[in-house]
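Below: the structure, in C-alpha coordinates.
Numbering starts at 1 and runs along the sequence shown. Everything quoted here is computed from the prediction, not taken from an experiment.
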Amino acid sequence: MASFIHLEMAQPLSADTRITIKKSFFGKKAIYNATQSRINFSKTEYNTEEGLRLEHLLRLPAERLESELEGMQKFHDAGIGTHLLEKGISADHQLAALRLYRYDQLHYIPITDLIILEGEKAQRFASLL
(Lines give C-alpha, C1' and ligand atoms only; values in the text may rest on other atoms or scores of the structure.)
Protein backbone atom coordinates (compact mmCIF):
# COMPACT_ATOMS: atom_id res chain seq x y z
CA MET A 1 0.00 0.00 0.00
CA ALA A 2 1.18 3.48 -0.82
CA SER A 3 0.86 6.37 1.59
CA PHE A 4 -1.56 9.06 0.42
CA ILE A 5 0.96 11.84 1.01
CA HIS A 6 3.55 10.16 -1.24
CA LEU A 7 1.29 9.98 -4.29
CA GLU A 8 1.62 12.50 -7.09
CA MET A 9 -2.16 12.51 -7.44
CA ALA A 10 -2.58 13.54 -3.77
CA GLN A 11 -2.92 17.26 -4.47
CA PRO A 12 -5.62 17.09 -7.18
CA LEU A 13 -7.40 14.38 -5.19
CA SER A 14 -7.43 16.59 -2.09
CA ALA A 15 -9.26 19.28 -4.04
CA ASP A 16 -12.10 16.93 -5.04
CA THR A 17 -15.28 17.57 -3.03
CA ARG A 18 -16.28 13.90 -3.06
CA ILE A 19 -13.32 13.07 -0.85
CA THR A 20 -12.41 14.18 2.66
CA ILE A 21 -8.81 14.04 3.86
CA LYS A 22 -8.48 13.36 7.58
CA LYS A 23 -5.34 13.61 9.65
CA SER A 24 -4.53 10.64 11.82
CA PHE A 25 -1.69 9.63 14.11
CA PHE A 26 0.08 7.80 11.26
CA GLY A 27 -0.44 10.42 8.54
CA LYS A 28 -3.45 11.25 6.42
CA LYS A 29 -6.30 9.09 5.23
CA ALA A 30 -8.86 9.70 2.52
CA ILE A 31 -12.58 9.01 2.97
CA TYR A 32 -15.17 8.73 0.19
CA ASN A 33 -17.95 11.06 1.38
CA ALA A 34 -20.90 9.27 -0.24
CA THR A 35 -20.36 6.00 1.64
CA GLN A 36 -17.91 7.07 4.37
CA SER A 37 -15.54 4.27 3.34
CA ARG A 38 -11.77 4.57 3.53
CA ILE A 39 -9.81 4.80 0.28
CA ASN A 40 -6.81 2.46 -0.01
CA PHE A 41 -3.99 3.59 -2.27
CA SER A 42 -1.41 1.60 -4.18
CA LYS A 43 0.95 1.81 -7.13
CA THR A 44 1.23 -0.90 -9.77
CA GLU A 45 3.59 -1.18 -12.72
CA TYR A 46 2.56 -2.64 -16.07
CA ASN A 47 4.45 -3.62 -19.20
CA THR A 48 3.98 -1.65 -22.43
CA GLU A 49 1.12 -3.77 -23.78
CA GLU A 50 -0.91 -3.65 -20.58
CA GLY A 51 -0.08 0.04 -20.12
CA LEU A 52 -1.43 0.88 -23.55
CA ARG A 53 -4.64 -1.05 -22.78
CA LEU A 54 -5.03 0.96 -19.58
CA GLU A 55 -4.32 4.22 -21.38
CA HIS A 56 -6.96 3.40 -24.00
CA LEU A 57 -9.57 2.74 -21.28
CA LEU A 58 -8.74 5.81 -19.23
CA ARG A 59 -8.99 8.10 -22.25
CA LEU A 60 -12.46 6.88 -23.25
CA PRO A 61 -15.47 9.15 -22.74
CA ALA A 62 -17.55 8.13 -19.70
CA GLU A 63 -20.45 6.95 -21.83
CA ARG A 64 -18.26 4.46 -23.75
CA LEU A 65 -16.28 3.23 -20.76
CA GLU A 66 -18.98 0.95 -19.36
CA SER A 67 -19.48 -0.93 -22.62
CA GLU A 68 -15.71 -1.35 -23.08
CA LEU A 69 -15.36 -2.83 -19.57
CA GLU A 70 -17.91 -5.58 -20.32
CA GLY A 71 -15.67 -8.14 -22.01
CA MET A 72 -12.30 -6.86 -20.87
CA GLN A 73 -9.74 -9.27 -19.44
CA LYS A 74 -7.97 -8.62 -16.15
CA PHE A 75 -4.75 -6.56 -16.26
CA HIS A 76 -1.51 -8.34 -15.37
CA ASP A 77 1.05 -6.30 -13.48
CA ALA A 78 4.80 -6.42 -14.05
CA GLY A 79 7.55 -6.23 -11.45
CA ILE A 80 9.21 -3.43 -13.39
CA GLY A 81 7.26 -1.85 -16.19
CA THR A 82 6.99 1.10 -18.53
CA HIS A 83 3.67 2.27 -17.07
CA LEU A 84 2.75 3.07 -13.47
CA LEU A 85 -0.83 3.27 -12.24
CA GLU A 86 -1.52 5.18 -9.04
CA LYS A 87 -4.88 4.02 -7.76
CA GLY A 88 -7.13 4.68 -4.84
CA ILE A 89 -10.05 2.30 -4.37
CA SER A 90 -12.61 2.72 -1.61
CA ALA A 91 -13.14 -0.23 0.71
CA ASP A 92 -16.65 -0.75 -0.69
CA HIS A 93 -15.42 -0.40 -4.32
CA GLN A 94 -17.80 2.49 -4.98
CA LEU A 95 -14.98 4.89 -5.91
CA ALA A 96 -11.82 4.46 -7.95
CA ALA A 97 -9.31 7.30 -8.36
CA LEU A 98 -6.77 6.58 -11.09
CA ARG A 99 -3.81 8.27 -12.75
CA LEU A 100 -1.51 6.63 -15.29
CA TYR A 101 2.18 7.47 -15.86
CA ARG A 102 4.71 6.41 -18.51
CA TYR A 103 8.40 5.93 -17.80
CA ASP A 104 10.43 8.41 -19.84
CA GLN A 105 14.01 9.59 -19.31
CA LEU A 106 14.37 8.15 -15.81
CA HIS A 107 11.05 9.58 -14.54
CA TYR A 108 7.40 8.69 -14.63
CA ILE A 109 5.49 11.33 -16.61
CA PRO A 110 1.69 11.60 -16.14
CA ILE A 111 -0.14 10.67 -19.33
CA THR A 112 -3.70 10.97 -17.98
CA ASP A 113 -5.36 13.43 -15.69
CA LEU A 114 -6.79 12.24 -12.41
CA ILE A 115 -9.80 10.10 -13.27
CA ILE A 116 -12.48 9.36 -10.69
CA LEU A 117 -15.02 6.63 -11.31
CA GLU A 118 -18.02 6.01 -9.08
CA GLY A 119 -20.59 3.28 -8.59
CA GLU A 120 -20.73 0.35 -10.98
CA LYS A 121 -17.97 1.71 -13.23
CA ALA A 122 -15.62 1.84 -10.24
CA GLN A 123 -16.54 -1.71 -9.22
CA ARG A 124 -15.95 -3.09 -12.71
CA PHE A 125 -12.69 -1.23 -13.19
CA ALA A 126 -11.39 -2.29 -9.76
CA SER A 127 -12.16 -5.93 -10.54
CA LEU A 128 -9.82 -5.75 -13.56
CA LEU A 129 -6.82 -4.43 -11.62
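- Residues D77 and E45 fail the side-chain proximity criterion, which asks for heavy atoms closer than 4.5 Å.
- Side chain of T82 to main chain of T48: a donor-acceptor pair is present (N/O by atom type, distance under 3.5 Å, no hydrogens or angles).
- The existence of a salt bridge linking E66 and R124 is confirmed by a sub-4.0 Å separation between a basic side-chain nitrogen and an acidic carboxylate oxygen.
- The number of heavy atoms from other shown groups lying within 6.0 Å of CD1 (I80) does not exceed 12.
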R18/E118 under side-chain contact (heavy atoms from CB on, under 4.5 Å): CA gap, chis, key distance, verdict:
CA-CA 10 Å; R18 295 170 282 193; E118 293 181 284; 3.2 Å; yes

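- In plain terms, the two heavy atoms of N47 and A78 that are nearest each other are N-CB, 3.8 Å.
- Atoms CD and CG, from E8 and L13 in turn, are 13.5 Å apart once rounded to the nearest 0.5 Å.
- In this structure, S90 OG and N40 CG are separated by 8.5 Å, a value rounded to the nearest 0.5 Å.
- Counting heavy atoms from C-beta on, the side chains of I115 and L58 come closer than 4.5 Å.
- L54 is not listed as a side-chain neighbour of T112, based on a closest heavy-atom distance of 4.5 Å or more.
- Residues L65 and K121 approach most closely at CD2-CD, 4.4 Å, considering heavy atoms.
- Defined by atom type and a distance below 3.5 Å, a donor-acceptor pair is present between the side-chain atoms of T20 and N33.
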Evaluate the criterion side-chain contact (heavy atoms from CB on, under 4.5 Å) for residue pair L7 and K43; output intermediate values, then yes/no. CA-CA 9 Å; L7 297 174; K43 295 180 180 182; 3.5 Å; yes

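- Linking Ile, Leu, Val, Met, Phe, Trp and Tyr residues whenever their side-chain heavy atoms come within less than 4.5 Å places F75 and L117 in a single cluster.
- Of all non-hydrogen atoms in H93 and A126, the two that sit nearest each other are ND1-CB, 3.7 Å.
- A salt bridge is absent between R53 and E49; no separation between the charged side-chain nitrogens and carboxylate oxygens falls under 4.0 Å.
- Proximity of I21 to I31: side-chain heavy atoms (C-beta onward) are nowhere separated by under 4.5 Å.
- Within the 4.5 Å cutoff, side-chain heavy atoms of F41 are placed close to those of M9.
- Between the side chains of Y32 and Q94, no donor N or O sits under 3.5 Å from an acceptor N or O.
- The shortest side-chain heavy-atom distance between D92 and Q123 does not fall under the 4.5 Å cut-off.
- Note that CG of L85 is 7.5 Å distant from OG of S42, once rounded to the nearest 0.5 Å.
- Taking the side chain as every heavy atom from C-beta outward, L106 and Y103 approach each other to under 4.5 Å.
- For L60 against E68, the heavy-atom pair with the smallest separation is CD1-CG, 3.2 Å.
- Note that CD1 of I19 and CG of L95 are 5.0 Å apart. Values are rounded to the nearest 0.5 Å.
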Item to check | E86/L98 under side-chain contact (heavy atoms from CB on, under 4.5 Å): CA gap, chis, key distance, verdict | outcome: CA-CA 6 Å; E86 284 186 339; L98 310 156; over 6 Å; no

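- Hydrophobic clustering, with ILVMFWY side chains joined whenever heavy atoms are under 4.5 angstrom apart, keeps L52 apart from M72.
- Inter-residue side-chain proximity for I111 and E55 is flagged as met; some heavy-atom pair is nearer than 4.5 Å.
- Taking the centre and axis of the six-membered ring of Y108, the NZ or CZ atom of R102 falls outside the cone set by 45° and 6.0 Å.
- Heavy atoms only, all atoms of each residue included: D113 and R99 are closest at O-CG, 4.1 Å.
- Hydrophobic clustering (side-chain heavy atoms under 4.5 Å, transitive across Ile, Leu, Val, Met, Phe, Trp, Tyr) groups L128 together with L100.
- Residues A91 and S37 approach most closely at N-OG, 4.0 Å, considering heavy atoms.
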query = Are L57 and F125 close enough, and set up right, to give a side-chain contact (heavy atoms from CB on, under 4.5 Å), and what steps lead you there?
reply = CA-CA 10 Å; L57 273 182; F125 207 97; 3.9 Å; yes

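- Linking Ile, Leu, Val, Met, Phe, Trp and Tyr whenever their side-chain heavy atoms come within less than 4.5 Å puts I89 and Y46 in one cluster.
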